[in-house]
There are 2 protein chains.
Amino acid sequence: MASIKDVAARAGISVATVSRVLNNHPAVRPATRDRVLAAITELGYRPNGVARSLRTHQTHTLGLVISDVLNPFFTALARAVEDQARDQGYSVIIGNADEQPELQDHHVRSLLDRRIDGLLVSPTDDSSPLLAEVARSGVPVVFLDRWIPGVDVPVIRAAGSSAVHDLVAHLYGLGHRRIAIIAGPSNTTTGNERVIAFREALDSHGLAAPDRYQQHGDYQAASGRRAAARFLDLHDPPTAVFAADNLMALGAMDEIRHRGLRVPDDIALAAFDDIPWFLHTDPPLTAIAQPTGALGHAGVRALIDLLDGRATDSVTLPARLVPRRSCGESEMEHR
Amino acid sequence: MASIKDVAARAGISVATVSRVLNNHPAVRPATRDRVLAAITELGYRPNGVARSLRTHQTHTLGLVISDVLNPFFTALARAVEDQARDQGYSVIIGNADEQPELQDHHVRSLLDRRIDGLLVSPTDDSSPLLAEVARSGVPVVFLDRWIPGVDVPVIRAAGSSAVHDLVAHLYGLGHRRIAIIAGPSNTTTGNERVIAFREALDSHGLAAPDRYQQHGDYQAASGRRAAARFLDLHDPPTAVFAADNLMALGAMDEIRHRGLRVPDDIALAAFDDIPWFLHTDPPLTAIAQPTGALGHAGVRALIDLLDGRATDSVTLPARLVPRRSCGESEMEHR
DNA sequence: ATCTCCCATGTAATCGTTACCATGAAGCGC
DNA sequence: GCGCTTCATGGTAACGATTACATGGGAGAT
């Protein structure tokens, strides 16, 4: 593969000048620039990004570590991150942590070894010594969706609390009084937040929140299924279930159907995270929609601000309730 | 950030020896190795992958260019590729072409500039001068799922044809005689193959395949919707529709429901690509399942074989029919 | 005791760029 | 016409690693 030296030789000029042309430095005579450009096309030369990175200490690459690529929420998030990064001239390397802290650490280390310019992370849990150290050591880091308390980096996330209140109000309005939650892992920030908002909302309607109406899952379908099974085995099963993410909602739906019960007639179901498929499930699922694209875009912007040394704040965007048929019929049905 | 020189200084030794320890070269006295290791942990040293790559001409990174990350089939494929690559000590940079040839070229170029060791591509269409040239120039390339005729690189894909025959037989068995297809773009190999298999299957049952029962989409939901609308507007609409990918099936379902019709009572629906959500749609969708994980794994193995200079063949894996309720009731219902 | 040979280690070239400094020519004011 | 600035360009050190080759010391063979 041709190098800058070959181009220089071909154009009868020094490598320094070729480099100037490449980086469109102003001090190059137009005639020379043309000669260089000609040599470049003749040789099919493309600058070696590796060498460039070594010299400039920049890779124009961002690392994105997420918990589960197969979760449509994270897929959409990754897509948004990639789009925005490309717009700004950056590539993205995605690391899929699969909700495993060790795998997350593996990816963080591997990305740092590749000298990515900055890191976007949605941490698997709320304490990662490695991430804390990385952030402290000055590597530009931004948390996306989830974060780690005590680690001082910008956090880009959606505030679900008011939408959760709306959801509970919606359920209450449809007559539900025994409402259960399939929560996320209690060692994730999103896991906790959603539970807290949920309990507050119950409280504000004077509803009880007994322990047996709260199960913890791991954001995977199978755990949603197990949690639903526990609820349905109770002597006074809940009339409505709120799943803290889309995959657990799917699992719960699975279990409910498996028992020959119907949503919403026998039991209502709602989920955190809206995804296109929810329109097409049987019945369409009521969900809390996060502004996924905006989150990804804001995350990249924040990280690039950090890279460029600009001041960067955390961003919290609103989530909103999207009522469909899975909690019972209401007058305000949306498509 | 500490470099190999710092480690050498700290251990009172030359950089060559540190490098030997790093690459566990045998000719290092255990005592020296320990001193080096100690210095490494004290300094928190991590080798600079960029410098290493420049020197060794290897990045231990693979490029994966796919047509649409948001399509669950490709998401799962990407996931499988990443898993297998990690097992083999490689990272993956994913480029999302969004079914746009120019974006695909952008990613290919950007990946090559980063000097990835090899490229996995699922081409957006069946002719890409850039990819042809890249392959000819000796860069290790493997095609995944789709390929480009005339470009001589290994192709890893699923053979859908026998499963398509099974599907048509299934539909025929349920009494369907007017069967339509929402095909993929005719300039993709998968688009064509599925149509050909479909028409052959119709033919073998003595069924006609009039032009009005064939529409082309672009593998996106909206196009499935439009195609379904055309079929439903006919004076003799088909009784069954086969969509050549999952997103177009989704769009078709959307349109059918929008018109107040029911699947399968008013019209049957089946899709190419099985995805977890199809279990939960209303009704559960009959689909042709590709061995997605195996495809991804085989793709990576083939590419690494190529990198290591081993002989590499194309691989074709079988797809299979997964009958559910969307084509009408049958005795053999699967969960 | 001397000669080999091998083992552990050091020296330095190299990968492909960028960027600093030097250099010579040209332009300009006086 | 002289000195000074500016411009276009060249030479070359560095970025951080790997690796071929050189080197010196010790062990084993004779």
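Each chain gets a letter, A, B and so on, in the order its sequence line appears, and its residues count up from 1.
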[X] [atom1] to [N] [atom2]: how many Å, rounded?
X	N	atom1	atom2	result
B:Asp113	C:dG16	CG	C1'	13 Å
B:Ile4	D:dC15	CD1	P	14 Å
B:Asn48	D:dG16	CG	C1'	6 Å
B:Lys5	C:dA12	NZ	C1'	12 Å
B:Arg55	C:dC15	CZ	P	8 Å
B:Arg115	C:dT17	CZ	C1'	11 Å
B:Leu43	D:dA17	CG	P	12 Å
B:Asp6	D:dG16	CG	P	9 Å

Options C:dG16, D:dA17, C:dT18, nucleotide nearest the side-chain atoms of A:Thr56: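 The answer is C:dT18, which lies nearest to the side chain.
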5' priority, DNA chain C, between B:Gly12 and B:Ala51 [closest heavy atom]: B:Gly12
Does the side chain of [X] pick up a donor-acceptor pair with the side chain of [Y] at under 3.5 Å?
X	Y	value
A:Thr59	A:Asp117	yes
B:Ser3	B:Tyr45	no
B:Asp68	B:Asn96	no

Nucleic acid contacts - residues 13-38 of chain A versus DNA chain D, non-hydrogen atoms under 4.0 Å: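 Result for residues 13-38 of chain A: A:Ile13, A:Ser14, A:Val15, A:Ala16, A:Thr17, A:Arg20, A:Ala27, A:Val28, A:Arg29, A:Thr32, sorted by number.
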Side-chain N or O of A:Arg52 closer than 4.0 Å to phosphate OP1/OP2 of C:dT18: yes
B:Asp98/A:Arg79 ion pair, N-O < 4.0 Å: yes
Side chain to side chain, A:Leu37 and A:Val21, heavy atoms closer than 4.5 Å: yes
Side chain A:Arg146, main chain A:Phe143, donor-acceptor under 3.5 Å: no
B:Asp83, B:Val300, B:Val81 screened by side chain to side chain contact (heavy atoms under 4.5 Å, CB included) with B:Val92, the one that passes: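 Exactly one option meets the side chain to side chain contact (heavy atoms under 4.5 Å, CB included) with B:Val92, and it is B:Val81.
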